[in-house]
A.B. asks: 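This structure is in structure tokens; I'll ask about it shortly.
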Amino acid sequence: MKATTANQISFRQAADELDLSETMRSLLLTPKREVQVQVVAERDSGEIATFIGYRVQHNDARGPLKGGLRYHPDVDLDEVRSLAALMTWKTAVVNIPYGGAKGGITLDPSTLSTRELERVTRSFVDAIHDLFGPDVDIPAPDMGTSAEVMAWIMNQYGKYRGFAPACVTGKPVEYHGIPGREEATGRGVGIVTLKLLSRLGRKIPGTTVAIQGFGNVGTHTAKFLRDAECRVVAISDASGGYHRADGIDVLEALRHAREHRGRLGGFAGGDMITNADLLSLDCDVLIPAALGGVLNAANAEAVRAPIIIEAANSPTTPEADAIFSRNNVIVLPDILANAGGVTASWFEWVQNRQHYQWGINRVRQELDRILGEAFEQVWQLSSSRQVSLRTAAYMLGVGRVAQATVLGGLA
Ligand code: GLU
């Protein structure tokens, strides 16, 4: 199933609950603008390399378009389109004044040198600089991109438009970024996990957690939950997984990854398992924090964790979602679970526009408040309407975008 089709299933369930008209449905499902551009950059060898870049601007009824930029070999128009729509619902669920967009370049960043990546990024900005900006569309990091990439974007954009740090978020703290943005997605995953555990009446200390993915999101989630006295029993990355029933020493794993170019390979603090083993581990909470579609019809029945927190975007296919609902597995959906990143992006954007800097405590406090409110609203809606947390989150998000569309006078 195409990624766009999969996400539209959740949209339709929410639209039915909200009793949205056909006119409104097609207004909300149709992307505002989709662009595909040629990205040409010189290799270190002097050869010329050509890549394809995308930016899909899905909906700006609630504010400027907002969403990450992904560098991955699987990036294509369908994936970017689906992720752009996800951003529209995500910014609406947490009620921050943005629409939704997503971009990407089809490439494997591990095959490019830093200088090559910089040239590719600048070339992409050359191709789309007319289409984004502080009040129009604000990119940010996603899979395969980093604060460094965001710095190049701001710098290249400045060559056309002058100083405009709010044209992109997720920048290095030393280059108009803010403390707390980098940790925010993982921290947010941790915050809503604790809220869900409390709402379910479960004790937090000793809760066993398995995390797939040890990149920016997985590492910060692991650290936050460890600090909250949960027991992280398994972690993994592309090189494989590690399991320890008594709990992985998360700080040791972080140190190992830091010393091995971000990789867990060779970590001695647990028994080696595969990524597939990790997903079916006997634990309280399963957190997919890497690729999309990892929980699917082929493995959903094998999942033993009663709670899944979607730290990645679209980790659960609709087929797996149906199996989880039959098996009473509770799924906290991506558009709420990983919304901490874009929420902190908003803080960065606000500060850039005011030329002011908050401290880390204020960033964390505001993040906690916004995610806490969104979680409560989703939880209440899910209980009062007897729908899944995913349908409730979509109802909240889609409902807010529909309302803004009506108030703006469009429908
Ligand atoms: N890429 C992140 C996401 O999927 C962050 C987007 C942003 O900060 O704009 O939510």
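All ligand and atom numbering here is 1-based and tracks the order in the structure. In this text the structure is predicted, and so the values were computed from the model without any measurement.
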A.B. asks: Between H256 and F214, is the ring centroid distance below 6.0 Å?
C.D. replies: no
A.B. asks: Can you list every pair that meets ring-ring contact (aromatic ring centres under 6.0 Å, His included) and has a residue in residues 3-26, with sequence neighbours left out?
C.D. replies: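 Every pair satisfying ring-ring contact (aromatic ring centres under 6.0 Å, His included) with a residue in residues 3-26: F11-W89.
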A.B. asks: Looking only at heavy atoms of R181, does any of them come nearer than 4.0 Å to an atom of ligand 1?
C.D. replies: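 It does, in that a heavy atom of R181 comes within the 4.0 Å cut-off of ligand 1.
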A.B. asks: Near N313, which atoms of ligand 1 are under 4.0 Å from a heavy atom of that residue?
C.D. replies: 4 (O)
A.B. asks: Could you tell me whether ligand 1 has any atom less than 4.0 Å away from a heavy atom of M143?
C.D. replies: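 The answer is no, since M143 has no heavy atom less than 4.0 Å from ligand 1.
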A.B. asks: Any atoms of ligand 1 less than 4.0 Å from a non-hydrogen atom of V342? List them with their elements.
C.D. replies: 7 (C), 8 (O), 9 (O)
A.B. asks: Which residue owns the protein heavy atom closest to atom 8 (O) of ligand 1, what's the atom, and how far is it?
C.D. replies: S345 OG, 2.6 Å
A.B. asks: Give the atoms of ligand 1, by number and element, whose distance to some non-hydrogen atom of G67 is under 4.0 Å.
C.D. replies: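 Answer for ligand 1: 9 (O).
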A.B. asks: Consider ligand 1: state whether an atom of it lies below 4.0 angstrom from any non-hydrogen atom of G170.
C.D. replies: no
A.B. asks: For atom 9 (O) of ligand 1, what is the closest protein heavy atom, and at what distance to 0.1 Å?
C.D. replies: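 Heavy-atom neighbour on the protein nearest atom 9 (O) of ligand 1: K66 NZ, 2.8 Å.
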A.B. asks: Starting from atom 3 (C) of ligand 1, locate the nearest protein heavy atom and write down its residue, its atom name and how far away it is, to 0.1 Å.
C.D. replies: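 Its nearest protein heavy-atom neighbour is K90 NZ, 3.3 Å.
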A.B. asks: Show your working on side chain to side chain donor-acceptor pair (under 3.5 Å) between Q380 and E376 and close with a plain yes or no.
C.D. replies: CA-CA 6 Å; Q380 297 299 346; E376 267 315 302; 3.2 Å; yes
A.B. asks: Give a yes or no on whether a salt bridge exists between R119 and D44, defined as a side-chain N under 4.0 angstrom from a carboxylate O.
C.D. replies: yes
A.B. asks: Hey, would you say the Y157 and F132 ring centroids sit under 6.0 Å apart?
C.D. replies: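 Yes, close enough.
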A.B. asks: Tell me, please: is K102 in heavy-atom contact with ligand 1, that is, under 4.0 Å?
C.D. replies: yes
A.B. asks: Charged N to carboxylate O under 4.0 angstrom, R353 versus D135?
C.D. replies: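 So R353 pairs with D135 through a salt bridge.
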A.B. asks: Of R33, K66, R55, which is the lone residue that meets salt bridge (charged side-chain N to carboxylate O under 4.0 Å, His left out) with D137?
C.D. replies: R55
A.B. asks: With heavy atoms of M87 as the reference, note each atom of ligand 1 found under 4.0 Å away.
C.D. replies: 3 (C), 4 (O), 6 (C), 10 (O)
A.B. asks: Test of understanding: with salt bridge (Lys or Arg N to Asp or Glu O under 4.0 Å), list the residues that count as partners of E373, not counting sequence neighbours.
C.D. replies: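 Applying salt bridge (Lys or Arg N to Asp or Glu O under 4.0 Å) to E373 gives R369.
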A.B. asks: Write out the residue and atom name of the closest protein heavy atom to atom 7 (C) of ligand 1, then the distance separating them to 0.1 Å.
C.D. replies: A140 CB, 3.3 Å
A.B. asks: Please check whether P141 reaches ligand 1 - meaning an N/O of the residue sits under 3.5 Å from an N/O of the ligand, judged on distance alone.
C.D. replies: yes
A.B. asks: When you check the gap from the basic side-chain N to the acidic O, do E79 and R70 get nearer than 4.0 Å?
C.D. replies: yes
